[in-house]
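Numbering starts at 1 and runs along the sequence shown.
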Amino acid sequence: MTDFLLQTSWWIPLYGLFGAILTLPWSTGLVRRTGPRPAAYFNLLMTVLAFIHGSVIFRTTWDEPIQQIIIHWVQTTDLDLSLALEISPVSLGSMELVTSLSLIAQCYALGYMEKDWALARFFALMGFFEAAISGLALSDSLLLSYILLELLTLSTYLLVGFWYAQPLVVTAARDAFLTKRVGDVLLLMGVVYLSTTAGSLSFSDLETWSETASLPPLTATLLGLALIAGPIGKCAQFPLHLWLDEAMEGPNPASILRNSVVVASGAYVLIKLQPVLALSPIASTTLVVLGTVTAIGASLVSIAQIDIKRALSHSTSAYLGLVFIAVGESQVDIALLLLLTHAIAKSLIFMSAGSIILTTNTQDLTEMGGLWSKMPATTTAFIVGSAGLVALMPLGTFWTMRRWVNGFWTVPLWLILVLLLVNCLTALNLTRIFGLVFAGKPQQKTRRAPEVAWPMAVPMVAMIIVTLLVPMMLQQWQLLLSWNAPFVEVPASGFAETLRQVTVPLLLISGLIGVTIGGAIYLYGMGSKPFKLPWKGLQDLFAYDFYIDRVYNLTVVLLVSRISALSAWIDRYIIDGIVNAFGLATLFSGEGLKYSISGQSQFYLLTIAVGVGGLVGLMLWLF
């Protein structure tokens, strides 16, 4: 039985797709008398089957060699477009993370969207969502991964635009779709080049090829930049990061997956492409620079937002920036650990945020307050999720950060400073949100806010337990380092070496500094709520995302609009003018000739003779 489940592991992504298909009679309106709930139950059943199937083979493959399932698609003498699936603890663990979070989010959605008339359509899209992400987790083919990333982009567009009657929702869905298209076009160029150069698009074959490949520096650089362009858009990294906070206009259960595993999908592909990216130092440096800019910039922007979902979405971009830095520094195990711990903690935080939004009917942080005693389960979920996201001992991200700074003694000094700064700003942002939402006096929209019903509370409590158990999971998987890990001697200045010796305490201190500053302002009232910087220009700079949208309007958008206007003018006055000129010339010449026709044959012969003579004379003159 176990061997059968192992050989049919490629069924797991199909469970979600089959669940989406089963919901079609309800989502399309063919079945109305039963209401939309049977569609939700069908999709939930398929997700449970996917989770059970994955759990069995995950236990079976632990400590086993990596296996492949090859699906031959197109094979010619020079081209092999086979689709490969990888059966390994990493791929199956990623797939289990996807199916478990999808199951939690769907159970949560039963309560969150209980009265929504399009519940069946939402669950159909969630099944499509799950199928694309879980397939991506198992994929060992760059071609298959690219196809699944495109399907994921389509499902993101449909889920963001779920409430399509609202103009802002339509705009957000369009922007999310088009922003990702920019990176996907360049990624496709890289896929095509690798298919002709490497001879295979399997990640394992690409890793082997990269060990002996000798590409010209310019070619390797262009290839690397093309391959990272797609993940930049998928992971909401600078400069293709604006779509994620706009995507928060979609339903919150979809935001749970979008901010935990969907944005991680691009980084997952990036991790598998790391051997190819290492061929170009410029590409690796680009990853590090973009990750650093996004990590610090998004952390600063998040503390100036007054929309709870947007403040949390910018935090997502910041942590994915750290993943980009890890990949650029060739530390893929750290990148995987960051994706795992961030996904679990951020999903719990967004479940708490969804409960707040549903109860208070607002996303504005300035309209909240005093929910500590009114929503104890939601408050606990937010506290545990925040502690799991910040490097506060003993929860998951602390161990990941500690492994990063203690496991690699060649970690540069600037990276340690970046980690400390991002950790501090994240702690400050989460404490700020906690103070505005849960502390203080109740306001008009929070005065009578009750705790959410059990369909939403049970998934939240389950995720609280999972978040608390993350350190035990990491210990079981032997991913933690001993406190007594030996130091490796590396040449460094006295200050740098001293800093490396105390990085773990500094991680804890940086988080406590962020909590202390946020608590002093938002818990003990040592400033206005929300707190504003004394420099309005700096405050607006953070609040408006460094004016990136205005920069786009003055550069890219303006350039495209001008080129479009010029193209329209050329098409109207030059292309159409030439065509119209020939038409008018034909019309007037025909009209003129009809009055010179006498009907006598000798006149026709004379006209032909003159024309032929003129043509011969012209040819003799030219040649």
Determine the minimum heavy-atom distance between [X] and [Y], stating which atoms define it.
{"X": "Ser302", "Y": "Asn429", "value": "O-OD1, 3.1 Å"}
{"X": "Leu339", "Y": "Ala264", "value": "CD2-CB, 3.7 Å"}
{"X": "Thr446", "Y": "Gly369", "value": "OG1-O, 2.8 Å"}
{"X": "Leu371", "Y": "Ala449", "value": "CD2-CB, 3.7 Å"}
{"X": "Leu474", "Y": "Gly396", "value": "CD1-O, 4.1 Å"}
{"X": "Ser265", "Y": "Leu152", "value": "OG-CD2, 3.2 Å"}

Classify the angle between the aromatic ring planes of His241 and Phe238 as parallel (below 30°), tilted (30 to 60°) or perpendicular (above 60°). tilted

Are the side chains of [Y] and [X] in contact, using a 4.5 Å heavy-atom criterion?
{"X": "Ser315", "Y": "Leu389", "answer": "yes"}
{"X": "Asn259", "Y": "Leu244", "answer": "yes"}
{"X": "Glu130", "Y": "Met46", "answer": "no"}
{"X": "Val48", "Y": "Tyr15", "answer": "no"}
{"X": "Ile356", "Y": "Val437", "answer": "yes"}
{"X": "Thr362", "Y": "Met368", "answer": "yes"}
{"X": "Thr366", "Y": "Leu436", "answer": "no"}
{"X": "Met473", "Y": "Val466", "answer": "yes"}

Could you walk me through whether Asp307 and Met248 satisfy the side chain to side chain contact (heavy atoms under 4.5 Å, CB included) test, starting with their C-alpha distance in whole Å, then the side-chain angles of each, then the deciding distance to 0.1 Å, before giving a yes or no? CA-CA 10 Å; Asp307 184 292; Met248 296 301 102; 5.6 Å; no

Not counting sequence neighbours, which residues clear ring-ring contact (aromatic ring centres under 6.0 Å, His included) with Phe382? List them please. Phe438

Using the test ring-ring contact (aromatic ring centres under 6.0 Å, His included), find all partners of Trp372 that sit at least two apart in sequence or belong to another chain. Phe434

Can you tell me if [X] uses its side chain to pair, donor with acceptor, with the backbone of [Y] under 3.5 Å?
{"X": "Thr397", "Y": "Ala391", "value": "no"}
{"X": "Thr99", "Y": "Glu96", "value": "yes"}
{"X": "Ser352", "Y": "Leu348", "value": "no"}
{"X": "Ser102", "Y": "Val98", "value": "no"}
{"X": "Glu367", "Y": "Gln363", "value": "no"}
{"X": "Tyr108", "Y": "Ser355", "value": "yes"}
{"X": "Glu451", "Y": "Lys374", "value": "no"}

Under the ring pair (Phe, Tyr, Trp, His ring centres under 6.0 Å) rule, what pairs show up with a residue in residues 290-326, not counting sequence neighbours? Tyr319-His342

Could you go through Asn423 and Ser510, starting from their C-alpha distance and side-chain angles, then the distance that decides it, and tell me whether this counts as side chain to side chain donor-acceptor pair (under 3.5 Å)? CA-CA 6 Å; Asn423 188 54; Ser510 66; 2.8 Å; yes

Interatomic distance, [X] atom [atom1] to [Y] atom [atom2] [nearest 0.5 angstrom]:
{"X": "Leu103", "Y": "Ile52", "atom1": "CG", "atom2": "CD1", "answer": "9.5 Å"}
{"X": "Glu246", "Y": "Leu168", "atom1": "CD", "atom2": "CG", "answer": "7.5 Å"}
{"X": "Asn252", "Y": "Met456", "atom1": "CG", "atom2": "CE", "answer": "7.5 Å"}
{"X": "Leu340", "Y": "Ser260", "atom1": "CG", "atom2": "OG", "answer": "11.5 Å"}
{"X": "Thr292", "Y": "Ile325", "atom1": "OG1", "atom2": "CD1", "answer": "3.5 Å"}
{"X": "Thr400", "Y": "Leu337", "atom1": "OG1", "atom2": "CG", "answer": "4.5 Å"}

Could you check, using the six-membered ring where one of them is a Trp, whether Trp26 and Phe123 have ring centers closer than 6.0 angstrom? no

More than 12 heavy atoms of other residues, nucleotides or ligands under 6.0 Å from CZ of Phe162: is that the case? yes

If you count the non-hydrogen atoms of other residues, nucleotides and ligands that lie under 6.0 Å from CZ in Phe58, is the total more than 12? yes

Determine, step by step, whether Val160 and Trp243 satisfy the side chain to side chain contact (heavy atoms under 4.5 Å, CB included) criterion, reporting the C-alpha distance in whole Å, the side-chain angles of both residues, the deciding distance to 0.1 Å, and the verdict. CA-CA 10 Å; Val160 173; Trp243 69 269; 6.0 Å; no

In Val293, Leu300, Thr294, the residue satisfying side-chain contact (heavy atoms from CB on, under 4.5 Å) with Ile296 is Leu300

Check the pair Leu270 / Leu287 against side chain to side chain contact (heavy atoms under 4.5 Å, CB included), numbers first and verdict last. CA-CA 10 Å; Leu270 195 67; Leu287 281 175; 3.7 Å; yes

Starting from the C-alpha separation in whole Å, work towards a yes-or-no answer on side chain to side chain contact (heavy atoms under 4.5 Å, CB included) for Val261 and Tyr268. CA-CA 10 Å; Val261 292; Tyr268 189 74; over 6 Å; no

Whether Asp364 and Lys445 form a salt bridge (side-chain N of Lys/Arg under 4.0 Å from carboxylate O of Asp/Glu) is what I want to check. no

